[in-house]
Amino acid sequence: MGFLKGKTAIITGGGRPTPLSDGSAGSIGYGIATAYAKEGANLVLTGRNVQKLEDAKQELEKNYKVKVLVVAADVNAGADNEAVVNNVVKQTIDAFGRIDVLINNAQASASGVSLADHTTDQFNLAMYSGLYSAFYYMKACYPHLKETKGTVINFASGAGLFGNKGQSSYAAAKEGIRGLSRVAATEWGPDGINVNVICPLAWTSQLEQFEKAYPDAFKANVHTPPMGRFGHSEFDIGRACVQLASPDFKYMSGETLTFEGGMGLRP
């Protein structure tokens, strides 16, 4: 407890999600936020749904006695995205004076729609919410991360690694994020900034909804890992993100972590 006390982390897509059918909270962003709150970090949560952000703030501050700043931010094809992201960074610095960790978790997509049936708007949804969002946040946070010798954690996916059916725009965005991250690791390593990519498979409310909406696509693409379970958003993914913020993990900059049922594998 307190490993990250005094540090500040920005987590995109960090709102409290729609509960899973069993009543538990189910999103990677909120799982990460919980893991960071347990270690005493100041949190900045961004997203499109203000109510989910406020719900997360209320619960995290109450349970873990940390400070949580919520900022509505929607990176999309019709927005002045640099202004949107710069506002998040400004509010973060005004509130906490520093940025130690940037976690680009936010991602929307039209999963389940074939490449031939994809519209430009659907493609833009994935690219802007994922790849462009990571690009803008990384640029805006760079000088502050350089000052703190901080950490960037981005998210890719098996959809891009394995070419999942019905996930063309999602896979494209995630592969773009992987490439962007590798370049950042090369360019920013001399500045002391640690850059990593996680490819998780966690059971979330979004995945649960995907199974219900597109059962055929789900069966074709989503397989239970060899360990017999999906990763847990907080205990597997969130804790990995805590470890990646440790100075002891600096040697891993530029690596890709693939999570299979909670076990991290470095290909």
Side-chain angles (χ1 to χ4, degrees), residues 9-14 28-29 32 36 46 75 81-82 85 88-89 99-109 111 123-164 167-202 221 231 236-260 262-267:
I10 296 176
I11 304 172
T12 70
I28 289 174
I32 296 168
Y36 270 64
T46 77
V75 176
N81 292 308
E82 284 192 293
V85 173
V88 174
V89 173
I99 299 171
D100 298 275
V101 186
L102 168 64
I103 301 176
N104 285 305
N105 162 74
Q107 178 72 66
S109 71
S111 290
F123 194 80
N124 282 341
L125 172 65
M127 298 302 285
Y128 276 89
S129 65
L131 177 57
Y132 275 99
S133 179
F135 167 70
Y136 287 119
Y137 273 100
M138 289 169 72
K139 281 190 61 178
C141 290
Y142 168 70
H144 306 287
L145 292 168
K146 182 177 180 180
E147 184 175 335
T148 60
K149 307 298 182 186
T151 298
V152 178
I153 302 171
N154 291 333
F155 282 81
S157 171
L161 292 170
F162 308 120
N164 290 359
Q167 293 191 300
S168 56
S169 60
Y170 177 77
K174 291 304 188 182
E175 287 298 276
I177 289 170
R178 281 213 306 148
L180 180 68
S181 302
R182 289 188 181 278
V183 172
T186 300
E187 294 182 351
W188 295 358
D191 296 320
I193 300 173
N194 193 31
V195 181
N196 279 277
V197 174
I198 294 177
C199 300
L201 180 55
N221 295 314
D236 295 320
I237 314 307
R239 295 306 304 176
C241 289
V242 168
Q243 290 300 312
L244 289 175
S246 165
D248 294 338
F249 275 72
K250 288 292 184 181
Y251 77 94
M252 293 178 64
S253 186
E255 299 260 9
T256 298
L257 305 187
T258 303
F259 280 80
E260 296 291 346
M263 179 175 290
L265 306 174
R266 284 187 288 154

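The first residue in the sequence is number 1, and the count goes up from there. Only this structure's heavy atoms are used, side chains among them; waters, hydrogens and symmetry mates stay out.
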Using 0.5 Å steps for rounding, measure from the [atom1] atom of [X] to the [atom2] atom of [Y].
| X | Y | atom1 | atom2 | value |
| --- | --- | --- | --- | --- |
| F162 | C199 | CZ | SG | 8.0 Å |
| L201 | I28 | CG | CD1 | 8.5 Å |
| H144 | E147 | NE2 | CD | 8.0 Å |

Of the non-hydrogen atoms in [X] and [Y], which two are nearest, and what is the gap between them?
| X | Y | result |
| --- | --- | --- |
| S181 | V195 | O-CG1, 3.5 Å |
| V197 | A156 | CG1-CB, 3.5 Å |
| T148 | I99 | OG1-O, 2.8 Å |
| C241 | Y36 | O-OH, 2.7 Å |
| P200 | I237 | CB-CD1, 3.6 Å |

Could you pull out all residues at least two apart from [X] that satisfy side chain to side chain donor-acceptor pair (under 3.5 Å)?
| X | answer |
| --- | --- |
| N81 | none |
| S109 | S111 |
| N105 | none |

Exercise. Do I198 and L244 touch side chain to side chain, with heavy atoms closer than 4.5 Å?
Worked result: yes

Exercise. Of all residues at least two apart in sequence or in a different chain, which pass the side-chain contact (heavy atoms from CB on, under 4.5 Å) check with A171?
Worked result: A159

For [Y], is there any backbone N or O sitting under 3.5 Å from a side-chain donor or acceptor partner on [X]?
| X | Y | value |
| --- | --- | --- |
| T186 | R182 | yes |
| K146 | I193 | no |
| T151 | N194 | no |

Exercise. Do Y142 and D191 get their side chains close enough for a donor-acceptor pair, meaning under 3.5 Å?
Worked result: yes

Side-chain donor-acceptor pairs under 3.5 Å in residues 124-141, sequence neighbours left out?
residue : atom : partner : partner atom : Å
S129    : OG   : Q107    : NE2          : 3.3
S129    : OG   : A108    : N            : 2.9
S129    : OG   : A108    : O            : 3.2
S129    : OG   : L125    : O            : 2.7

Exercise. Please walk me through it: do I177 and N104 pass side chain to side chain contact (heavy atoms under 4.5 Å, CB included)?
Worked result: CA-CA 10 Å; I177 289 170; N104 285 305; over 6 Å; no

